[in-house]
Amino acid sequence: MRWWKMLGLAGIMGVAATGVVIARAERRRRAYTPEEIRARLRERVESPGPDDVSPTA
C-alpha cells in the first residue's frame, strides 16, 4: 500500500474511534436523573473552587 492510503485509513479509524468515545460519554450523561443532576450541581456550588481561596497575606 502507498503511504497516503495508510494515512487515509488511519484518519478514518481516528474519526470512528472519536465517534465511539462521544457516543459513550453522551449515554453516560443522559443516564442521570434530574434529581441527581441537581444534587451534583449543589455539591459543586457548595465546594470551594480554585477561585474561592482566601488570601493569606
Not counting sequence neighbours, list each pair that qualifies as a salt bridge (Lys or Arg N to Asp or Glu O under 4.0 Å) and has a residue in residues 8-24.
-> none
Do I12 and M6 share a hydrophobic cluster, counting only Ile, Leu, Val, Met, Phe, Trp and Tyr and linking them when any side-chain heavy atoms are less than 4.5 Å apart?
-> no
So which of V21, I22, V20 actually passes side-chain contact (heavy atoms from CB on, under 4.5 Å) with T18?
-> I22
Salt bridge or not for R29 and E26, using N-O below 4.0 Å?
-> yes
Judged by atom type as modelled, is there a donor-acceptor pair below 3.5 Å linking the side chain of E36 to the main-chain atoms of T33?
-> yes
